[in-house]
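Report on one structure; see the data block that follows.
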Amino acid sequence: MKIAVFDTKHYDRQALTLANARFGHELGFFEPRLNTATVELAAGFDAVCPFVNDRLDAAVVARLAALGVQLVVLRCAGFNGVDLAACRQHGIRVARVPAYSPHAVAEHAFALLLAVNRRIHKAYVRVREMDFSLDGLVGFDLHGKTFGVIGTGRIGEAAIAIARGFGMRVLACDPQQNAALAARLGFDYAPLAEVLAHSDVLSLHVPLLPATRHIIDAVAIAAIKPGAILINTSRGALVDTPAVIDALKSGQLAGVGLDVYEMEEGVFFEDLSDTGLQDDQLARLLTFPNVLVTSHQGFLTREALANIADTTLGNATAFAAGEALANEVLPQ
Ligand code: NAI
């Protein structure tokens, strides 16, 4: 198939080109994100391959259909950027990469947690400035503390296994409880309110859905155990950023590690070092010494990139062969 790959960076081209040696699709790489301004780039292609911050709203989907695009092969797990109803209306099928390396994201959640808790980001800068003092770097033992998990799917499971390895107690909430998993990894399910109240660390591993948007808002934050650390590697809009800023100011949250941010589109993945930030909320977040923000890099391991490329191109091959699309995303 002729596939227009949007929002591509060097590592995307590398992984997709390498995997494509086995699939033989015709790939066109474009740097811009797919949106109303760039949709014409899809002319002449059978499929588009967007990433997390491309916006396939109703207008873009209608234009893609008019251009003859039949398939959307997302090279990510989340599909909140695609208007699925519009795709169905225009007969465009949508497939994603449901799992590529849950370990990549879970391990990154712990990288953020360890760095925020032990102030590694501050220590790194201090030591490079020949400042070997320790004031302000005090953290807490993870061992014996409670790790609260919202969402016990693939990534939540991997995060729980790591937390158990640290000797943490784990409390989790998920409407789809997996008793066998809880018994195997040794954790307890509890209602959200209980998870919030008892966790020293709270890690979010739910998809962005209407029901999970701002699941961490001012009300939820008020119910969190004072002095907890919040980690979000899932989707930015799971948390209400102004409420998180207030909680950092008051000390209700002792630290925050974010790999995602509600308004990350157009900021994350870009080099803005010459232009600066227009977003005052993100700028405020970056002023806190106990906040660490990474630019949506949870997926960025060699293993995950290779798996993403394989599944994405395999989805296109299955579609072209008229086979069942195992990774199809249908309107809810
Ligand atoms: P999954 O589909 O395996 O698990 C999600 C779990 O959340 C399910 O068990 C579901 O029942 C649960 N859930 C749904 N609504 C809930 C609610 N209201 N409260 C508690 N639990 C709820 O998804 P997976 O693979 O674990 O991924 C989770 C999220 O991680 C993705 O949706 C995506 O947004 C994010 N992600 C971030 C990446 C990054 O680079 N930072 C990379 C990959 C995924």
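Counting starts at 1 for both ligands and their atoms, following the listed order. All of these numbers come straight from a predicted model, not from anything done at the bench. For this chain, numbers begin at 1 and follow the sequence in order. Atoms considered below: every heavy atom in the structure, side chains included; atoms not considered: hydrogens, waters and symmetry mates.
Rounding to the nearest 0.5 Å gives a distance of 10.0 Å between CG of Asp188 and CD of Gln177. The CG atom of Asn117 sits 9.0 Å away from the CD1 atom of Ile231 when rounded to the nearest 0.5 Å.
Inspection of the His214 and Glu262 side chains reveals an N or O donor paired with an N or O acceptor under 3.5 Å.
Other residues, nucleotides and ligands contribute only 12 or fewer heavy atoms inside 6.0 Å of the CD atom of Gln332.
Protein residues lining ligand 1, listed by chain and number: Tyr100, Val105, Ile150, Gly151, Thr152, Gly153, Arg154, Ile155, Cys173, Asp174, Pro175, Gln176, His205, Val206, Pro207, Thr212, Thr233, Ser234, Arg235, Asp259, His296, Gly298, Phe299 [non-hydrogen atoms, distance under 4.0 Å].
No close placement of the Phe166 and Phe147 rings is indicated, their centers lying 6.0 Å or farther apart.
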Between Ser101 and Asn307, is the side chain to side chain donor-acceptor pair (under 3.5 Å) condition met? List the steps. CA-CA 7 Å; Ser101 170; Asn307 290 341; 5.6 Å; no
